Amino acid sequence: MFRTIEWLDDGRVQFVDQTRLPLEIKFIVTTSHERIADAIRAMEIRGAPAIGAAAGMGMALAAVESNAQTKDELLRHLERAARTLNTRPTAVNLTWATDRMLKAARGLDGTASEIMSALIDEAKEIAEEDVRMCKRIGENALPLIRSGWTIQTICNAGSLATVHLGTVGAVVRMAYEKYSNIKVYAAETRPRQQGARLTVFEFMQDGIDTTLITDGMIGTVFREKRVDCCVVGADRILRTGHVTNKIGTYTMAIVAKHHRIPFYVAAPTSTIDMATRPEDVVIEERHPDEVRIINGQYVTVPTAKVYNPGFDITPPSLISAIITDRGVVRRPNEERMKQLFDSSAPGRVKASSCD
Ligand code: MRU
């Protein structure tokens, strides 16, 4: 797979327009942080780690665009850019990245132009870190996945949702590399179809046996024992172990528990928010037409009342383990989530198989 987003040598940012996939692979190149903000809003760039990396690069572009002569002037531009880039409320990676860039800028000494070039390095580092974290997620997941398993997923937490490789993408790809007989079931993920459009596309590109199902088929697929475990991504994981992810994840976790199917969450530590309480998570409510319209045609009464939350929250009681770049938190709770951050060495929280 190509990189979802990258900083080019000539100072422009290139990203793939995910709204066109899988029918067209179109790359967009920009020097404007406002264009990056629009891309995040329109979901041309989507997936928690990918929008984090995009926001980092957006901040670096804003620094260059500002033409600021002093550090104070630059900081004012960056604070404004951070507000512009924070276009989606649920995935914590977005504010995590803009806060990290702001903190870096505030802590840097030197001329405005020296600070700008340091911010470009910081944005590139956010992207490189993301690639490394995904790789470690895949490595940490290996003891949990057995030869011949079929993995159920939802939405897209693959390469496209990150800079490269993916979170669920890393788990599937590294298990596939090891056993070569790993299969995937992808839930289509109404209404934006990230499962059908993106997950199926990228796993098929890698030659991985992938079966597409509609979201309503999950119960039947689990009852018929067609899958051995679920692995899903996350947009925000709380200190309590609650996981916010694409709408439908919670339902899948309930059905998995009923059928005693291990339910794993794969996410980088940049997705963990140790400050917010479950009741304070803002769930993005998206436009009603996403539900009313399919392929440009109304499939209901055009004025039909619609409820369209983009995400849901799965409680830790339904989660077998959270697989991160630092290690695996089995049966997550507040104490175990804290241990993850207390452990200085990556992988200190050891992986072990779950019920
Ligand atoms: O609305 P989206 O497509 O940005 O939602 C993406 C998801 O819910 C993913 O599962 C999540 O961001 C994890 S990506 C590694």
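The model shown is predicted, which means the values in this text are computed figures rather than measured ones. Ligands are counted one by one from 1 in listed order, and the atoms in each one are counted from 1 as well.
- In this structure, the side chains of Thr95 and Asn86 come closer than 4.5 Å at one or more pairs of heavy atoms.
- Around ligand 1 you find Met43, Arg46, Gly47, Ala48, Pro49, Arg88, Cys155, Asn156, Ala157, Ala161, Thr167, Gln194, Gly233, Ala234, Asp235, Asn245, Lys246, Phe311, each with a heavy-atom distance below 4.0 Å.
- Arg223 is linked by a side chain to side chain donor-acceptor pair (under 3.5 Å) to nothing, counting only residues two or more places apart in sequence or in another chain.
- With respect to Arg35 and Asp38, no salt bridge is recorded, no charged nitrogen being found less than 4.0 Å from a carboxylate O.
- Of the candidates Val29, Thr30, Ile40, Thr4, Thr30 is the only one forming a side chain to side chain contact (heavy atoms under 4.5 Å, CB included) with Phe15.
- Side-chain atoms of Asp17 do not come within 3.5 Å of backbone N or O of Glu44 as any donor-acceptor pair.
- If you look at Phe27 and Phe2, their ring centroids are closer than 6.0 Å.
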